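As structure tokens, the structure follows; a few thoughts come after it.
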Amino acid sequence: MDGISYKKWMERAAGLFLSALIAVLLTMLFLAVFAFVMLKGNLSASVEKIGLIVMSVMACFVGGFLCGKKNIKKRYLWGLGVGVLYCLFFGVIRVGMGQAFVTDTTAFFTMMLYCAAGGMLGGMLS
């Protein structure tokens with residue numbers, strides 16, 4: 001494990017999960033603001049789809065940035081982990097609500113790619 005102790009590894013993993021949780025909470029905040037904007041304005045469905053993608057990427061960027069700040073080496077991989085964990089979290093939420101984990105495989109992997117790239121960029125820039 002790259003010459004680090006078990007305790008240090010667990011601290012890094014906890015930082016990864018905490019950063020992904022912060023990204024999820026940030027997404028919820030973004031969604032509340034976006035829902036209000038959608039309510040007050042006449043925005044089309046294409047704007048809604050783009051808005052959801054932008055919100056997810058921004059949240060993963062912030063999560064990757066925070067996780068990269070906690071880790072010294074391979075920050076981009078920790079940011080990538082935040083993005084992937086973020087997408088998996090929402091998949092688990094879907095299953096908890098009685099829906100399928102993935103309804104459209106292409107859309108899921110595209111979103112995972114966006115989120116992973118956002119998290120990785122955040123980790124690199126931290």
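Being a predicted model, the structure only gives us computed values, none of them experimental. Any value given below was found using the heavy atoms of this structure, including those in side chains, with hydrogens, waters and symmetry copies removed.
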### Query
Just how far is it from atom CZ of Phe61 to atom SG of Cys115, taken to the nearest 0.5 Å?
14.0 Å

### Message
I'd like to check Leu66 versus Val82 (side-chain heavy atoms, cut-off strictly below 4.5 Å). Are they in contact?
### Response
no

### Message
Counting only heavy atoms from other residues, nucleotides and ligands, does the tally under 6.0 Å from CZ of Phe101 exceed 12?
### Response
yes

### Query
Rounded to the nearest 0.5 Å, how far apart are OG1 of Thr103 and CZ of Arg94?
4.5 Å

### Query
How close do Tyr76 and Met120 get, heavy atom to heavy atom, and via which atoms?
O-CG, 3.5 Å

### Query
Do Val37 and Val47 belong together in a cluster built from hydrophobic side chains that touch within less than 4.5 Å?
yes

### Gly63 versus Ala23, closest heavy-atom pair with distance
CA-CB, 4.4 Å

### Query
Under the 3.5 angstrom rule, does the side chain of Arg75 hit a backbone N or O of Ser126 as a donor-acceptor pair?
yes

### Message
Determine whether Leu52 and Leu31 satisfy the following criterion, side-chain contact (heavy atoms from CB on, under 4.5 Å), listing intermediate values before the conclusion.
### Response
CA-CA 8 Å; Leu52 291 173; Leu31 281 173; 3.5 Å; yes

### Message
Using a 4.5 Å cut-off between side-chain heavy atoms of Ile, Leu, Val, Met, Phe, Trp and Tyr, which other residues end up in the same hydrophobic cluster as Phe90?
### Response
Leu21, Val24, Leu25, Met28, Tyr86, Phe89, Ile93, Met97

### Message
So, taking the atom named CE in Met112 and the one named CG in Leu85, what distance separates them when rounded to the nearest 0.5 Å?
### Response
9.5 Å

### Message
Hydrophobic cluster membership, with links at side-chain heavy-atom distances under 4.5 Å among I/L/V/M/F/W/Y: are Leu77 and Leu121 in one?
### Response
yes

### Task
For Phe34, look at atom CZ and say whether over 12 heavy atoms of other residues, nucleotides or ligands are found less than 6.0 Å away.
yes

### Query
SG of Cys87 to CE of Met111: how many Å apart, nearest 0.5 Å?
6.5 Å

### Query
Does Thr27 reach the side chain of Met58, with side-chain heavy atoms less than 4.5 Å apart?
no

#### Entry: Pairwise distance CG(Leu26) to OG(Ser19) - rounded to 0.5 angstrom
12.0 Å

### Spacing of Glu11 atom CD and Leu18 atom CG [to the nearest 0.5 Å]
12.5 Å

#### Entry: Verify same cluster id: Val54, Leu113 (apolar side-chain graph, 4.5 Å)
no

### Query
With a 4.5 Å limit on heavy-atom distance, are the side chains of Lys70 and Leu16 in contact?
no

### Message
Let me check something: do Phe30 and Val62 share a hydrophobic cluster, defined by ILVMFWY side-chain heavy atoms less than 4.5 Å apart, either directly or through other members?
### Response
yes

### Query
Taking atom CG of Leu39 as the centre, does the number of heavy atoms from other residues, nucleotides or ligands within less than 6.0 Å exceed 12?
yes

### Query
If you group Ile, Leu, Val, Met, Phe, Trp and Tyr by side-chain heavy-atom gaps below 4.5 Å, do Met38 and Ile53 land in one group?
no

#### Entry: Flag side-chain contact, heavy atom, 4.5 Å: Glu48 against Leu43
no

### Query
Closest approach of Ala116 and Leu80, non-hydrogen atoms and distance?
CB-CD1, 3.4 Å

